[in-house]
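Notes to accompany the following structure.
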There are 2 protein chains.
Amino acid sequence: MPERPGQAMQKSANKRRATVADVARQAGVSVATVSRVLNAKAGDRNPVAEETCQRVRQAMQTLGYRPSQVGRTLRTQVAHVVALLIPDATNAFYAAIAHATETALRERGYAMILCNTSEDPAIQDEYLREMQAHNVAAIVLLGAVETAELRTAANSDTPIVFLNRRAPQGVPGPFIGIDNAAAGEAVGEHFAERGWARIGCIRGPQTSPASRERFEGFQSALAAAGKPLDPDLVEQGALTIESGDAAMARLLAGGHRPDAVFCGNDLMAYGAHRRLADQGLSVADVALFGFDDNPLNAWLATWLSTVHVPHSQFGRAAAEVIVELANHRGERMERQILLPFHLEVRASA
Amino acid sequence: MPERPGQAMQKSANKRRATVADVARQAGVSVATVSRVLNAKAGDRNPVAEETCQRVRQAMQTLGYRPSQVGRTLRTQVAHVVALLIPDATNAFYAAIAHATETALRERGYAMILCNTSEDPAIQDEYLREMQAHNVAAIVLLGAVETAELRTAANSDTPIVFLNRRAPQGVPGPFIGIDNAAAGEAVGEHFAERGWARIGCIRGPQTSPASRERFEGFQSALAAAGKPLDPDLVEQGALTIESGDAAMARLLAGGHRPDAVFCGNDLMAYGAHRRLADQGLSVADVALFGFDDNPLNAWLATWLSTVHVPHSQFGRAAAEVIVELANHRGERMERQILLPFHLEVRASA
DNA sequence: CTGAAAGCGCTTACAG
DNA sequence: CTGAAAGCGCTTACAG
C-alpha cells in the first residue's frame, strides 16, 4: 500500500470523558440523582426537585457530559442501535430504503448498523448472531433468506422486523411492505383494459414470496378478465438486468412475440428493454411494465411504467414499529403494515 | 398507518443468553479462564492449558455461548464498531465506498454504523458526539465538513479517518484518497496532447480541497504545455447533475463554444451532456471528461471518459488503518494513504 | 425527594 | 497455569 513518508505517531493529550460520577461530584448529588435527571420522563412517580435538576444540568454543561451508550446498554440490556440487514446497499432501491430507515431511526435516537448480506445465507446468519451480541434493539431484515438460524433468531429476545419480503412460513415477526398480490392484480387489470392480445410475463424467482404473490395476482386478474395468461409467454428471471435481458431473448425467440410484458422488477425491465433495442424493437412494439419504481428510473428510464413502492415510507414505518417493540420488550408482536402502492403509468405501457 | 386486523401480542418464551459465568460453571473453571480462552492470542505469556481449553470450548459449544460485545466494550473501552459518516448513501459513488468499507470491516470483526450527514454540519456534529458515546473504534469521515466540533472530536480519544476529502487545515487524522492534484494534471496533459484549441472546465466548489486540487492540477498542466486555461471558460458547479447542466448552459451561452470540457465529477458531466443534447450537440462537438468513475457509468454513461477513483480500495485501506489505530490506541497517527487512480479514456474525450 | 448498593458481562492486573 | 477481585458507566429496586 503506497504511503507518504510523513507518517508519524504522537501521544495525544486527552482528558478522560466525564461520567455520571463526575457530574454527581460536581453537582454535589449522588449518581442515582444524575441518572434520574438523565432519564426524567413526563409522568415520573418520584421526580427530582427542580432546584436539584438545575444544578445537575449545570454540572453536565460544565463538564460537557454525554452519557455512555455502552454503560446504559449493559445495564438495560438493549442498545439504542438497530441493525439493518440488506442484500446490497449499492442497489438503488435498497439504498433508498436504507437511507429512509437511517433518517427515521436517527430522529428517534437510534443509530443504524448496516449489514450487507449479498443474500448469502452464511453472512446473514453470522450477522444475525453478531447483532444479538451487540444487544441491538431490533434487526430489520430486508430480503430475508430462510435458514435455521433465522428461525432461532426470530424466537430470541431480539425482535426481527421483516421488510419488503415477508417472514418465512411459521417464523414470527412483524412485516412492513406492500400487498404484492393486490399490486400484481392491479397490473393485470391494467393489461386487460389496454386490450393487449398477447401478454407475457418475466417473473421473479419462485423462492421469493413477494415475487410469487405479484405473479399470482397478475395471473388471476387476467383470468378474471377472460384473458388467461399463456404459460408459454411466462419466463423467470433473477431480478437482475442480465436476467431480464436473457428472459426477453427467450420470449422473442419463442416465435410469437408478446404485445406487452410485465416484469417482476424494474431491473429486469431495463434488461428486457435493452434486448428489445438490440433487436431493433421498442416499447411501441412490446409494452413493458416494471415493479418497484426504482430511484434509478429518474435517470435511466423515465419512460418505464411501473408499480411505485413507497421506499421512503418503509423507513419511517420500520422505525415506528421498532419504537413500539422497544416499549413492549419480551412480547411478540404479530403485525402487518401494508403501505400504499400505486401504478405509475408512463410511456412504456 | 394502515394495518391488518391480525395484530396480536404474545409473551415469548426465551431463555437468557449464556454468559461467561454460565460457561465457567459448565466447564468447572473460573470466568477468568473462560475469558482467557476467548482472547487467546498466538504469543500469550500465560497460556491456558490445552486440556482446560478443550473443556471450555466444549462448554461454549454446549451452551451456544457468544460473548457479549457490550460487556467487552464497557471493559475495554472500545467497541468492535466503526462509524461511517457519509454525505448521502444513495449516491452511487458513496454507496460503493460504504459497501467496500462494510465488507472490509466485517472481515476484520467490526460492524459498521452508517450515518448520513447530508453534508449538514449540525447532523455531522451530532453524529460525531453520539458515536463517541458508543465508544466506536474509529469514525470514518467521508466528505468532512469543517466545524468546531470536528476539531474537538479530532483531538479526542476516538480516531477519525478522513476519506476522499482531506482533513481541514490543522486538524489531525489520517487521510485515505487519491492525489487529486496529480489526477488533475494527468487530465490536463491528456487535453494538451489531444490538441484541443478551446478548453473549458466545470470545476467543483472552492470549499472542497479535493475539487480545488483537481482544478489546480489541471490548470497547471495546461499552462506547462503552453495552453493556459482561459478564465472565461471556467465555470463552477455543486457536483450535482443539475449544476453541470446549468454550467454547460453558461459555457454555451458565452458565445465561443469550448471544444472540450473537464468536469469536476461525473454527475456534472452527466448534466453537461444532457445540456449538450438539448442543444442538438454531442461529445463529438464538445468532448467531456469526468471524475470519479461513478458506478452509474456502467448503466448511464458507458461513453464517459473519466478519472477512475478506486472506490472499492478505499474500504480496505480504511479498515487496515483502523485496525492499526486500534493497536496503537492513544497515539495520534499522521498518515497519508494515496491510492492509485488512472484515466479511463472512453468515447467522450 | 434522595442516596447507598447491587449488578448488567466482560477483562486484567495481582497472587498464588 | 489458574482464580478472586476490582472495575468499566450506567440504572433501578430498596430504604429512608
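The residue B/V34 sits apart from the nucleic acid: no heavy atom pair falls under 4.0 Å. Residue contacts for A/S35: at a heavy-atom cut-off of 4.0 Å it reaches a base atom on one of the strands shown.
Applying the 6.0 Å contact sphere to CD of A/Q61 captures no more than 12 heavy atoms from other residues, nucleotides or ligands.
Of the possible donor and acceptor atoms, none in the side chain of A/S35 sits under 3.5 Å from a partner among the backbone N and O of A/V31.
In the set D/dA5, D/dT11, D/dT12, the nucleotide with an atom closest to the side chain of A/A32 is D/dT12. The nucleotide whose nearest atom lies closest to any side-chain atom of B/T52 is, among D/dC10, D/dT2, C/dT11, D/dT2.
Remark: B/R75 pairs with no residue by the side chain to side chain donor-acceptor pair (under 3.5 Å) rule, at least two apart or across chains. Residues meeting the side chain to side chain donor-acceptor pair (under 3.5 Å) test with A/E126, sequence neighbours left out: A/R129, B/R66. Listed by chain and number, the residues in a side chain to side chain donor-acceptor pair (under 3.5 Å) with B/N116 are A/E102 (sequence neighbours excluded).
Separating the P atom of C/dT2 from that of C/dA6 is a span of 23 Å, rounded to the nearest Å.
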Practice problem: Give the dot-bracket string for DNA chain C, reading 5' to 3', where a pair is Watson-Crick or G-U wobble with both distances under 3.5 Å, ( ) marks pairs inside the strand, [ ] marks pairs crossing earlier ones, | marks a partner on another strand, and . marks unpaired. | Solution: |||.||||||||.|||
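Side-chain contact of A/T73 with A/N135: a donor-acceptor pair under 3.5 Å is absent, judged by distance alone.
Both B/A49 and A/T33 lie near DNA chain D, and the one whose nearest nucleotide falls closer to the 5' end is B/A49.
With respect to the salt-bridge test (charged N to carboxylate O, under 4.0 angstrom), the residues B/E324 and B/R335 qualify.
Residues from residues 58-70 of chain A with heavy atoms under 4.0 angstrom of DNA chain C: there are none. Interface residues of residues 71-83 of chain B facing DNA chain D, ordered by number: B/L74, B/R75, B/Q77; criterion, heavy-atom separation under 4.0 Å.
Taking atom NE2 on A/H134 and atom P on C/dG9, their separation rounds to 16 Å, with Å as the unit. Residue A/R36 contributes atom CZ, which lies 20 Å from atom P of D/dG9 at whole-angstrom precision. Whole-Å rounding puts the A/K41 NZ to D/dT12 C1' distance at 11 Å.
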